[in-house]
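Whatever order the structure lists ligands and atoms in, that order sets their numbers, starting from 1. The figures here come from the full heavy-atom set of this structure, side chains too, leaving out hydrogens, waters and symmetry mates. If you read the sequence from its start, that first residue is 1, and numbering goes on from there.
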Amino acid sequence: MEPLTTPRLVLDPWRERHAADLVRMSSDEKVMRHIGQGVWSPEYAAQRHAAALEHWARHGFGWRAILDRADRTFLGLAALSWLRDPIPGIGIPAVEIGWWTEPHAWGRGIATEAAEALVDDAFHRVRAELVVARCTPDNIASQRIIGKLAMTRHPYDAQSLYGDLVQVYTLANPSAGD
Ligand SMILES: CC(C)(COP(=O)(O)OP(=O)(O)OC[C@H]1O[C@@H](n2cnc3c(N)ncnc32)[C@H](O)[C@@H]1OP(=O)(O)O)[C@@H](O)C(=O)NCCC(=O)NCCS
């Protein structure tokens, strides 16, 4: 369970101590505006936290807490998980990427910096063949990050984990097959 480092960030493997950060962030309407049905109950946040810990234990990768490299302040969550549910035209092994940052940290390139490091981890350490992102068309900030990662629009939309229909984007591992 090694942290990843970037110029401004430490991406810490998801740990027990991040549970309270998830409960707080997932109860914030600004953060959850584009995520499924909106804010999470503390009980549902606890379930997702437990699932994130289990994913790490089983697969050796997963969600990471985005921490300020200078003082280790919690700035958000960068998620990487095996794709759980089928998307038309996408086979396994594909990993799904996602990002949430604290509203006070928005607009500083934090999510983009974390996402770039996660894609690198997905391709070089996890050796995933494909990275997948799901996003609603009105989530402009997230769409910008998807664009900066050079992900391309998949021909089929799909249901999100929460049942709503969302756009799907993919990025293939340039080293796949080496
Ligand atoms: C999406 C999110 C993670 C972006 O975090 P961030 O740290 O501000 O992201 P970055 O600064 O790296 O980049 C955001 C990009 O979107 C742009 N942007 C940010 N807020 C925007 C807004 N409200 N409208 C339009 N563009 C916006 C930024 O200018 C930047 O693009 P640029 O570099 O081309 O100028 C953050 O807004 C968030 O946590 N949202 C709630 C959770 C969420 O929706 N997650 C994604 C689910 S698919």
Novice: Could you check if a side-chain atom of S26 sits within less than 4.5 angstrom of a side-chain atom of V39, using non-hydrogen atoms only?
Specialist: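 No, too far: nothing below the 4.5 Å cut-off.
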
Novice: Around atom CZ of R153, are there more than 12 heavy atoms from other residues, nucleotides or ligands closer than 6.0 Å?
Specialist: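 Atom CZ in R153 is crowded, with more than 12 foreign heavy atoms closer than 6.0 Å.
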
Novice: Atom 45 (N) of ligand 1: which protein heavy atom is closest, and how many Å away?
Specialist: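 Ranked first by proximity to atom 45 (N) of ligand 1 is W99 O, 2.8 Å.
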
Novice: Looking at ligand 1, would Q143 count as a contact under a 4.0 Å heavy-atom criterion?
Specialist: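 In this structure, Q143 fails to qualify as a contact of ligand 1 - no heavy atom is under 4.0 Å.
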
Novice: Purely on distance, is any nitrogen or oxygen of E113 under 3.5 Å from one on ligand 1?
Specialist: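 In fact, backbone or side chain, E113 has no N or O that close.
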
Novice: Among all the protein's heavy atoms, is there at least one whose distance to atom 28 (C) of ligand 1 comes out below 4.0 Å?
Specialist: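 Under 4.0 Å from atom 28 (C) of ligand 1, zero protein heavy atoms found.
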
Novice: Step through the shown structure and confirm whether more than 12 heavy atoms of other residues, nucleotides or ligands are within 6.0 Å of OH on Y156.
Specialist: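 12 or below, so no.
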
Novice: Please write down residue, atom name and distance for the protein heavy atom closest to atom 2 (C) of ligand 1.
Specialist: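 Here the nearest protein heavy atom works out to T101 OG1, 4.0 Å.
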
Novice: Could you check which of V31, N139, D28, I110 puts a non-hydrogen atom nearest to atom 47 (C) of ligand 1?
Specialist: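 Selected option, by shortest heavy-atom distance: N139.
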
Novice: Run the numbers for me: atoms of ligand 1, each under 4.0 Å from some heavy atom of R134, listed by number.
Specialist: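 Close to R134: 48 (S).
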
Novice: Numbering the atoms of ligand 1 from 1, which are under 4.0 Å from a heavy atom of R108?
Specialist: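 Near R108, meaning under 4.0 Å from one of its heavy atoms, ligand 1 has 11 (O).
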
Novice: Where is the nearest protein heavy atom to atom 21 (C) of ligand 1: which residue, which atom, and how far?
Specialist: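 Answer for atom 21 (C) of ligand 1: A141 CB, 3.7 Å.
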
Novice: Do me a favour and list the nearest non-hydrogen protein atom to atom 11 (O) of ligand 1 with residue, atom name and distance?
Specialist: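 Sorting protein heavy atoms by distance from atom 11 (O) of ligand 1 puts G109 N, 2.7 Å first.
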
Novice: Is there a side-chain contact between V95 and L130 (heavy atoms, below 4.5 Å)?
Specialist: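 Not touching, per the 4.5 Å side-chain cut-off.
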
Novice: So, R134 and D164, do they make that salt bridge, N to O below 4.0 Å?
Specialist: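 No.
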
Novice: Do S81 and E96 get their side chains close enough for a donor-acceptor pair, meaning under 3.5 Å?
Specialist: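 Checked: S81/E96 side chains show no N/O donor-acceptor pair below 3.5 Å.
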
Novice: Between R24 and E102 (salt bridge meaning N to carboxylate O under 4.0 Å), is one present in this structure?
Specialist: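 Counted as a salt bridge, because a side-chain N and a carboxylate O are separated by less than 4.0 Å.
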
Novice: What are the atoms of ligand 1, with element, lying closer than 4.0 Å to any heavy atom of G107?
Specialist: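 Those atoms are 6 (P), 8 (O), 11 (O).
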
Novice: Using 30° and 60° as the class boundaries, would you call the ring planes of W82 and F61 parallel, tilted or perpendicular?
Specialist: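 Geometry flag for F61 against W82: perpendicular rings.
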
Novice: Are D12 and R72 within salt-bridge range, i.e. N to O under 4.0 Å?
Specialist: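 No, this pair does not count.
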
Novice: For the CZ atom on R144, are there more than 12 heavy atoms of other groups (residues, nucleotides or ligands in this structure) within a distance under 6.0 Å?
Specialist: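 Not buried by this count: 12 neighbours or fewer within 6.0 Å.
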
Novice: Please report whether atom 25 (C) of ligand 1 has a protein non-hydrogen atom at a separation of less than 4.0 Å.
Specialist: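 Under 4.0 Å from atom 25 (C) of ligand 1, at least one protein heavy atom found.
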
Novice: Does any N or O of ligand 1 fall below 3.5 Å from an N or O anywhere on K148, backbone included?
Specialist: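 For ligand 1, there is an N or O atom that lies under 3.5 Å from one belonging to K148.
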
Novice: For residues E16 and H49, is any side-chain donor paired with an opposing acceptor at under 3.5 Å?
Specialist: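 The answer is yes; a qualifying pair exists.
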
Novice: Pairs of nitrogen or oxygen atoms closer than 3.5 Å, one from I145 and one from ligand 1: do any exist?
Specialist: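 No, since none of the N or O atoms of I145 sits under 3.5 Å from an N or O of ligand 1.
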
Novice: Which ring-ring contact (aromatic ring centres under 6.0 Å, His included) pairs, counting each pair once, include a residue from residues 125-148, with sequence neighbours left out?
Specialist: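 Not a single pair qualifies under ring-ring contact (aromatic ring centres under 6.0 Å, His included).
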
Novice: Does R144, backbone or side chain, put an N or O under 3.5 Å from an N or O of ligand 1?
Specialist: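 Yes: some nitrogen or oxygen of R144 is under 3.5 Å from one in ligand 1.
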
Novice: Tell me whether I140 has any N or O atom under 3.5 angstrom from an N or O of ligand 1.
Specialist: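 By distance alone, the answer is no.
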
Novice: Just to check, does G98 reach to within less than 4.0 Å of ligand 1 when the distance is taken from its heavy atoms?
Specialist: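 G98: no contact with ligand 1 (<4.0 Å).
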
Novice: For atom 38 (C) of ligand 1, what's the nearest protein heavy-atom neighbour? Residue, atom name and distance, please.
Specialist: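 Result for atom 38 (C) of ligand 1: W106 NE1, 3.5 Å.
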
Novice: Tell me which one of S26, G36, G76, A111 gets a heavy atom nearest to atom 7 (O) of ligand 1.
Specialist: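 Heavy atom nearest to atom 7 (O) of ligand 1 belongs to A111.
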
Novice: I need the atoms of ligand 1 closer than 4.0 Å to a non-hydrogen atom of W100, numbered in the order shown.
Specialist: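 By the 4.0 Å cutoff, the relevant atoms are 39 (O), 45 (N).
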
Novice: For S27 and W40, which I'm curious about, is there any donor-acceptor pair between the side chains at under 3.5 Å?
Specialist: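 No donor-acceptor contact under 3.5 Å links the two side chains.
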
Novice: Do you see a protein non-hydrogen atom under 4.0 Å from atom 5 (O) of ligand 1?
Specialist: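 Answer yes: something from the protein, a heavy atom, is under 4.0 Å.
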
Novice: Output yes when the distance from some N or O of ligand 1 to some N or O of T112 is under 3.5 Å, and no in every other case.
Specialist: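 Indeed, backbone or side chain, T112 has an N or O that close.
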
